[in-house]
Amino acid sequence: MIDVTNYAQAAQALVDAGRFLYGRGWSPATSSNYSARIDAEHIAITVSGRHKGQLKAGDVMVVDLDGRPVQSATRASAETALHTVLYGLFTDIGAVIHTHSLAATVLSRALQDRTEIVLQDYELQKAFPGHETHESQVRLPIFENSQDIASLAEETRQFFAENMEYPGYLIRGHGLYTWGASVEDCLRHTEALEFLLACELEMMRLAR
Ligand SMILES: CSC[C@@H](O)[C@@H](O)C(=O)COP(=O)(O)O
Ligand SMILES: [Zn+2]
């Protein structure tokens with residue numbers, strides 16, 4: 001049984017997150033998907049194709065950790081497997097957010113031969129637990145974009161099983177995934193990473 005209060009709280013947090021992320025320009029044109037944990041076996045996740053700046057409670061549904069809808073006839077995000085794989089791996093996370101910002105999209109394409117981005121010498125790195133100084137490194141792997149979400153999910157599962165300290169990842173020409181203990185935490189990570197990626201893009205422009 002799904003706890004109705006947990007579901008309602010998760011759904012409202014995702015609706016609010018959508019308004020914020022769309023407002024920042026990081027979830028344009030129905031792109032992006034967001035989820036929040038309801039209990040050990042279920043998450044609330046955005047319905048596929050919905051405008052993230054105008055989400056209503058009915059645009060958030062429940063799936064189990066195998067991505068199967070629970071008490072819903074709507075279609076969960078096409079990228080649900082990229083969420084469920086993270087909840088399976090990181091038992092302490094409570095939310096996953098995927099954005100489609102200009103910085104994440106352009107930077108991951110511009111660095112076409114690279115399989116990771118290393119962020120260093122930015123004070124804002126301290127937004128991540130365990131990073132006490134700008135001299136530490138925040139690293140994000142870059143996976144190739146694919147319409148085969150099952151195989152992309154498996155690729156991410158294998159990577160993060162070995163590299164649990166990475167706070168998120170990029171899909172080339174597509175966007176960013178990050179997670180956190182709560183929706184609030186996850187939003188902080190999203191905002192920090194989007195800021196750092198925008199800085200990197202700006203640095204690259206200045207270096208030309
Ligand atoms: C509108 S293009 C973006 C989609 O292809 C996808 O990458 C995305 O982020 C949203 O898919 P969705 O099925 O709505 O969760
Ligand atoms: Zn996407």
Side-chain angles (χ1 to χ4, degrees), residues 7 10-38 42-70 72-88 93 95-111 117 140-157 159-160 166-180 183 186-187 189-191 193-194 197-198:
Y7 166 71
Q12 189 56 50
L14 297 181
V15 167
D16 294 344
R19 199 156 296 134
F20 171 71
L21 295 165
Y22 177 76
R24 297 298 299 263
W26 300 334
S27 292
T30 78
S31 70
S32 302
N33 27 76
Y34 322 131
S35 66
R37 194 191 284 278
I38 297 177
H42 300 96
I43 59 169
I45 189 161
T46 44
V47 172
S48 187
R50 300 294 158 91
H51 189 294
K52 305 308 182 298
Q54 298 163 10
L55 290 176
K56 298 176 290 302
D59 298 325
V60 177
M61 60 185 284
V62 180
V63 298
D64 65 20
L65 291 193
D66 291 321
R68 286 184 296 248
V70 176
S72 176
T74 41
R75 198 167 79 89
S77 168
E79 293 166 357
T80 295
L82 300 180
H83 291 247
T84 51
V85 77
L86 292 168
Y87 289 98
I93 65 171
V96 175
I97 287 176
H98 165 49
T99 44
H100 272 239
S101 69
L102 186 144
T105 305
V106 173
L107 201 55
S108 59
R109 288 192 66 183
L111 300 171
I117 288 182
L140 297 176
I142 308 172
F143 297 103
E144 297 308 318
N145 199 13
S146 168
Q147 303 306 308
D148 184 346
I149 298 300
S151 78
L152 187 53
E154 177 54 21
E155 203 181 332
T156 61
R157 193 190 62 73
F159 182 89
F160 289 105
Y166 283 62
Y169 66 88
L170 291 165
I171 309 175
R172 202 179 309 280
H174 180 158
L176 169 72
Y177 270 85
T178 190
W179 44 88
V183 173
C186 192
L187 279 169
H189 294 165
T190 304
E191 194 171 8
L193 286 175
E194 291 293 3
L197 292 171

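Both ligands and their constituent atoms are indexed starting at 1 by order of listing. These numbers come from the heavy atoms of this one structure, side chains and all, not from hydrogens, waters or symmetry mates. Please read these numbers as outputs of a predicted model, since none were measured by experiment.
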Identity and distance of the protein heavy atom lying nearest [atom]:
atom	value
atom 3 (C) of ligand 1	His100 CE1, 3.6 Å
atom 14 (O) of ligand 1	Gly49 N, 2.7 Å
atom 11 (O) of ligand 1	Asn33 ND2, 3.8 Å
atom 15 (O) of ligand 1	Ser77 OG, 2.6 Å

Is the Tyr166-Phe159 ring centre distance short of 6.0 angstrom?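 Close enough - the centres of the two rings lie under 6.0 Å apart.
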His51 ring center within less than 6.0 Å of Tyr22 ring center: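 That pair passes the under 6.0 Å test.
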So, for [X] and [Y], which heavy atoms are closest and what is the spacing to 0.1 Å?
X	Y	result
Val85	Leu82	CG1-O, 3.5 Å
Val70	Asp64	CG2-N, 4.0 Å
Ala57	Val15	N-CG2, 4.1 Å
Ser108	Gly173	OG-N, 2.9 Å

With the Zn ion (ligand 2) at the centre, find the angle made by NE2 from His174 and OE1 from Glu79, to 10°.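 Once rounded, the angle between the two atoms at the Zn ion (ligand 2) is 100°.
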For the atoms NE2 of His98 and NE2 of His100, give the angle they form at the Zn ion (ligand 2), rounded to 10 degrees.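 So the angle at the metal works out to 90°.
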Nitrogen or oxygen atoms of [X] and ligand 1 under 3.5 Å apart:
X	answer
Ala78	yes
Arg75	no
Ser48	yes

Option whose closest heavy atom lies nearest to atom 5 (O) of ligand 1, chosen from Glu79, Gln147, His98: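 Among Glu79, Gln147, His98, the closest heavy atom to atom 5 (O) of ligand 1 comes from Glu79.
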So if I apply the side-chain hydrogen bond (donor to acceptor under 3.5 Å, both in side chains) rule between Asn33 and each of Lys52, His98, His83, which one comes out positive?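 Among Lys52, His98, His83, the one meeting side-chain hydrogen bond (donor to acceptor under 3.5 Å, both in side chains) with Asn33 is His83.
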So if I count the atoms of ligand 1 from 1 in the order they appear, which ones are less than 4.0 Å from some heavy atom of [X]?
X	answer
Ser32	8 (C), 9 (O), 10 (C), 15 (O)
Thr30	1 (C), 10 (C), 14 (O)
Ala29	1 (C)

Yes or no on side chain to side chain contact (heavy atoms under 4.5 Å, CB included) for Ile45 and Met61, after CA distance, side-chain angles and deciding distance? CA-CA 5 Å; Ile45 189 161; Met61 60 185 284; 4.2 Å; yes
Does some non-hydrogen atom of Lys52 fall short of 4.0 Å from ligand 1?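 Contact check Lys52 vs ligand 1: positive.
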When you compare the side chains of Thr156 and Tyr177, does any donor N or O come within less than 3.5 Å of an acceptor on the partner?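 Distance-only check fails for Thr156 and Tyr177.
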